[in-house]
Amino acid sequence: MAKEITPRSTDYAQWYQDIVKKANLAENSAVRGCMVIKPYGFAIWEKIHDQLDRMFKETGHVNAYFPLFIPKSFLSKEAQHVDGFAKECAVVTHHRLMNSPDGSGVIVDPTSKLEEELIIRPTSETIIWNTYRDWIKSYRDLPLLINQWANVVRWEMRTRLFLRTTEFLWQEGHTAHATKGEAVEETLRMLNVYAEFAENYMAMPVIKGVKTANERFAGAVDTYCIEALMQDGKALQAGTSHFLGQNFAKAFDVKFLTEDNNQEFVWATSWGVSTRLIGGLIMTHSDDEGLVLPPNLAPIQVVIIPIPKPSPEIDEVVHKIMKNLKAKGITVQYDQDMKNRPGFKFAEHEMKGIPVRLALGQRDLEKNEIEVARRDTKEKFTASLDGIEETVAQLLLDIQENLFQRAKSFRNQKTTKVDTFDDFKALVDSDIPGFISAHWDGTSETEIAIKEITKATIRCIPFDQEEEEGTCVYSGKPSNKRVLFAKSY
RNA sequence: CGGGGCGUAGCGCAGCCCGGUAGCGCACCUGCUUUGGGAGCAGGGGGUCCCAGGUUCAAAUCCUGGUGCCCCGACCA
């Protein structure tokens with residue numbers, strides 16, 4: 001099958017969809033806005049899941065599971081929270097179906113109406129804090145460090161595979177602390193976990209920072225985030241970590257007794273990343289030939305292709321190589337398909353983004369060599385069969401590093417300091433706008449005005465921004481710090 | 001929620017204007033020849049033409065009403 005991918009330069013959105021479909025990651029389902037994550041796409045999610053889960057446990061968290069349904073009344077207990085989510089909730093109103101009297105099929109049984117409607121969780125703060133009330137009585141119960149891997153539903157108007165689907169998979173951490181200081185520390189700790197994961201595993205450079213009031217999570221005191229830049233110059237919010245203050249503790253009356261026997265509200269955090277990360281992974285590294293995966297998240301790191309097809313002589317050498325690679329913890333697949341020719345296989349594995357390809361034929365065996373191809377640069381070279389596992393292991397490290405450096409240099413190159421609103425507008429309208437570093441007067445009015453004119457929003461106020469006197473790019477009022485603007489997904 | 005598009009074989013599409021009982025490419029099956037960058041030839045299997053109603057001797061095609069999905073915008077991870 002000739003699988004043509006729309007070039008990025010022709011239509012970036014179409015390119016993205018082509019990659020998702022042709023690399024067999026996911027497809028649209030019969031349900032509006034919901035995707036089927038196919039085995040290869042899910043394998044990537046499992047890699048993400050496994051590594052993050054390890055990192056959560058290393059930082060003292062445990063997993064638990066809370067219900068999919070939230071009583072409607074819970075959602076309305078925190079005023080800002082309900083405001084933020086009310087417009088995108090799926091609501092369960094009945095619990096039974098029946099055959100329709102006219103025999104035309106099944107209908108909702110009107111007598112099965114629920115006393116109180118159930119909301120399918122758009123996020124779990126409310127059900128979890130309602131539960132925590134019973135779990136937390138004393139300072140000895142704190143901190144409570146719980147994570148949940150779950151699906152959530154947000155009835156978005158417009159969806160895009162992985163980037164925004166009606167139902168998506170994610171993890172949500174929900175922690176409770178005795179002091180504000182501890183909770184803030186936790187919020188930042190998890191933000192750092194996300195940043196470390198994004199950079200070291202996804203090879204996706206991120207900017208850490210804090211959201212403005214407009215972009216803050218509904219119900220949070222502060223929202224911290226990691227922001228990445230995609231190849232088309234749009235930003236992707238890749239993870240968020242919220243300091244919730246005592247908002248949910250107050251809404252759900254979660255108090256604890258301090259050492260000196262005082263009743264106090266607990267301090268909270270929540271933090272999450274979702275299957276959206278896979279979208280970020282695609283749009284950070286992939287090219288017109290298909291998916292490009294960083295070795296640390298590739299379900300298959302190395303594929304071996306027999307030239308022209310499997311044979312006893314080739315198989316014997318391949319199995320030895322595989323054994324040695326596996327001993328080094330490298331995942332390797334031998335393409336023993338008899339039907340397709342090498343050229344087809346090359347294209348197929350490139351489409352799937354497998355980092356390293358080895359090709360072995362009679363001609364190589366005679367010279368004790370093997371052909372090695374790397375997906376990131378498309379370079380090919382021949383290597384000695386002796387010590388090939390070391391060659392491959394090193395190459396995987398090189399590819400991981402190269403992908404990160406390449407993405408980082410792109411990000412840096414596409415981050416522009418701008419000091420006039422004319423320059424700002426011109427940049428936003430350019431082909432690949434990127435991050436715009438500009439002074440802002442700190443008001444929501446300005447932020448909203450800029451958004452209305454340019455569609456760019458403040459992605460974050462970066463942590464590592466040095467103080468610098470200047471004037472707001474829009475209002476001309478004084479400012480002592482630049483913030484990052486971008487169009488975003 | 002506004003604007004646009006599309007529902008015909010597993011996938012991508014043509015046929016519809018001008019009604020006559022469904023076709024092309026890929027995929028799939030069989031055989032032979034091939035095989036170091038997406039193979040060639042020959043043969044073969046597979047379709048309630050989104051649903052319902054209407055017009056007609058006859059509907060994928062015309063009419064009416066549904067419905068689903070996708071894309072583009074405003075809202076969001």
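Every chain is numbered from 1, with letters handed out A, B, ... down the list of sequences.
- The residue A:F168 sits close to a base: some heavy atom pair falls under 4.0 Å.
- Between the CZ atom of A:R341 and the P atom of B:U34 there is a distance of 12 Å, given to the nearest Å.
- Comparing the C1' positions of B:G20 and B:A59 gives an interatomic distance of 10 Å, to the nearest angstrom.
- In this structure B:C1 sits in a base pair with B:G73, meeting the Watson-Crick or G-U test at under 3.5 Å.
- Within the 4.0 Å cut-off from OP1 or OP2 of B:C69, not a single side-chain nitrogen or oxygen of A:N28 is found.
- At whole-Å resolution of the value, CZ in A:R216 and C1' in B:C76 are 17 Å apart.
- Distance A:D337 CG to B:G37 P: 17 Å, rounded to the nearest Å.
- A:N214 has its CG atom 11 Å from the P atom of B:C75, to the nearest Å.
- Residue A:Q171 is classed as having no contact, given no heavy-atom separation below 4.0 Å to the nucleic acid.
- Note on A:Q237: only backbone sugar-phosphate atoms sit closer than 4.0 angstrom, heavy atoms only; bases stay farther off.
- Taking the six-membered ring where tryptophan is involved, the planes of A:F248 and A:F252 are essentially parallel, since the angle between them stays under 30° and well short of 60°.
- Nearest-nucleotide assignment on RNA chain B puts the 5′-proximal partner with A:A359, out of A:T159 and A:A359.
- Using cut-offs of 30° and 60° for the angle between ring planes, the A:Y201 and A:F197 rings count as parallel.
- Taking the P atoms as reference points, B:U8 lies 15 Å from B:A52, given to the whole Å.
- OP1 or OP2 of B:C71 sits under 4.0 Å from a side-chain N or O of A:Q17.
- For A:S241 (side chain) and A:L188 (main-chain N/O), no donor-acceptor pair under 3.5 Å exists by modelled atom type.
- Here A:D364 lies in heavy-atom contact (under 4.0 Å) with a base.
- When the C1' atom is compared between B:C24 and B:G37, the two are found 28 Å apart, to the nearest whole Å.
- What separates NZ of A:K22 from C1' of B:G12 is a distance of 9 Å, to the nearest Å.
- RNA chain B is contacted by both A:A13 and A:S488; A:A13 maps to the nucleotide lying nearer its 5′ end (nearest heavy atom per residue).
- For the pair A:K309 and B:A39, the criterion of a side-chain N or O lying under 4.0 Å from OP1 or OP2 is not met.
- Considering A:T165, A:T123, A:T166 as possible partners of A:R154, the one that fulfils the side chain to side chain contact (heavy atoms under 4.5 Å, CB included) test is A:T123.
- A 6.0 Å sphere centred on NZ of A:K72 holds no more than 12 heavy atoms belonging to other residues, nucleotides or ligands.
- Going from the C1' atom of B:A74 to that of B:C16 covers 36 Å, rounded to whole Å.
- The residue A:Q362 sits close to a base: some heavy atom pair falls under 4.0 Å.
- Rounded to whole Å, the P atom of B:C50 lies 14 Å from the corresponding atom of B:C6.
- Of all nucleotides present, none satisfies the Watson-Crick or G-U wobble test against B:U55 with each distance under 3.5 Å.
- Within the 4.0 angstrom heavy-atom criterion, no nucleotide atom of any strand lies near A:G290.
- With A:E227 as reference, A:K211 is the one residue of A:K211, A:K208, A:R411 to meet the salt bridge (charged side-chain N to carboxylate O under 4.0 Å, His left out) rule.
- The ring-ring contact (aromatic ring centres under 6.0 Å, His included) test with A:Y224 singles out one residue from A:W271, A:F217, A:F243, A:F463, and that residue is A:F463.
- Phosphate contact (OP1/OP2 of B:C28, side-chain N/O of A:K339, threshold under 4.0 Å): present.
- Straight-line distance from the CE atom of A:M157 to the P atom of B:G73: 15 Å, rounded to whole Å.
- Nucleotide B:A74 holds its P atom 9 Å from the NZ atom of A:K451, rounded to whole Å.
- Looking at heavy-atom distances under 4.0 Å, A:T457 makes no contact with the nucleic acid at all.
- The interatomic distance linking A:K455 (NZ) with B:G73 (P) rounds to 7 Å, in whole Å.
- Distance check on atom C1': B:A9 versus B:G46 gives 6 Å, rounded to whole Å.
- Using atom C1' as the reference point in both B:G12 and B:G5, the two lie 16 Å apart (nearest Å).
- Residue-level contact check: A:I305 touches neither bases nor backbone, having no heavy atom under 4.0 Å from any strand.
- When heavy atoms are screened at a 4.0 angstrom cut-off, A:R357 is found touching base atoms of the nucleic acid.
- To the nearest whole angstrom, the two P atoms, one in B:C62 and one in B:U30, are 41 Å apart.
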